[in-house]
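Model, not experiment: these values are computed from the prediction. These numbers come from the heavy atoms of this one structure, side chains and all, not from hydrogens, waters or symmetry mates.
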Amino acid sequence: MAEDRQHEAGRSLIIADGVLYGADRQVARWLARRVASYSPTPTVRALGILKGGKLVAGVAYEHFNGVHVEAVIAGDGGRWASRAVLRRIFGYPFGQLGVQAITVSVPMSNLASLNLATKLGFQPEALVTFAAHDGGTLVILKAFKDTCEWVGGDGQEGRRQGTSGTGSV
């Protein structure tokens, strides 16, 4: 796995397989401009996905409690989620943080984002009426470590094809 280390304002930035680590606040602000209901917290951890040196997608991890974390995912379109990228964006919470589950919340009216979430392996868990920023129903989806296709352990790592799209979750 290719890895490039840089330093910015005293922080170490790492780029591995096109994934940027160490620019949490910058990536979270990028996501907030694309996801209407998202406002980063001071403890956010975020990964950026780079293509040609440009940020084209990102994932923010919020509200980590030791076994669970919430995620916000958005992309500007095109094919941004290669197998290597997906291994990293799921490997960070399941491997490095050690969580058992990741939750994403998507307005039911946002079909592109629901499609993206299910392609990534998230499964619907609950519907919450009048909870989406548009006043509609919010779909709560979860991915679990023991069934995630993008992390090792079950021989299924990387089975899905790369994902493209402009959705956000």
ILVMFWY cluster, [X] and [Y] together (side-chain gap under 4.5 Å):
X: I140; Y: I73; result: no
X: F144; Y: V67; result: no
X: L138; Y: L111; result: no

What pair of heavy atoms forms the shortest contact from [X] to [Y], and how long is it?
X: V35; Y: A74; answer: CG2-CB, 3.9 Å
X: A71; Y: I102; answer: CB-CG2, 3.7 Å
X: L120; Y: W150; answer: O-NE1, 3.2 Å
X: P40; Y: A32; answer: CD-CB, 3.9 Å
X: W80; Y: G75; answer: NE1-CA, 4.0 Å
X: D134; Y: S109; answer: OD2-OG, 2.6 Å

What class does the angle between the rings of F122 and F90 fall in, given that below 30° is parallel, 30 to 60° is tilted and above 60° is perpendicular?
->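 Tilted.
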
Compare all side-chain heavy atoms of [X] with those of [Y] and state whether any distance is below 4.5 angstrom.
X: Y92; Y: R45; result: yes
X: V106; Y: L116; result: no
X: K142; Y: H68; result: yes
X: T129; Y: T137; result: yes
X: V27; Y: V44; result: no
X: P93; Y: K145; result: no
X: L20; Y: L47; result: no
X: L86; Y: E149; result: no

Can you check whether [Y]'s main-chain N or O pairs, donor with acceptor, with [X]'s side chain at less than 3.5 Å?
X: D17; Y: V19; value: no
X: R88; Y: A84; value: no
X: R25; Y: P42; value: yes
X: E62; Y: T41; value: yes

L127 vs V139, side chain to side chain contact (heavy atoms under 4.5 Å, CB included): CA-CA, chis, key distance, verdict = CA-CA 5 Å; L127 300 176; V139 181; 3.7 Å; yes

Y61 and Y21 aromatic centres sub-6.0 Å | no

How long is the gap from [atom1] on [X] to [atom2] on [Y], to the nearest 0.5 Å?
X: R29; Y: D24; atom1: CZ; atom2: CG; value: 10.5 Å
X: E70; Y: F64; atom1: CD; atom2: CZ; value: 13.0 Å
X: L141; Y: Q123; atom1: CG; atom2: CD; value: 8.0 Å

Worked check of side chain to side chain contact (heavy atoms under 4.5 Å, CB included) between D76 and W30 | CA-CA 11 Å; D76 274 348; W30 184 92; 3.4 Å; yes

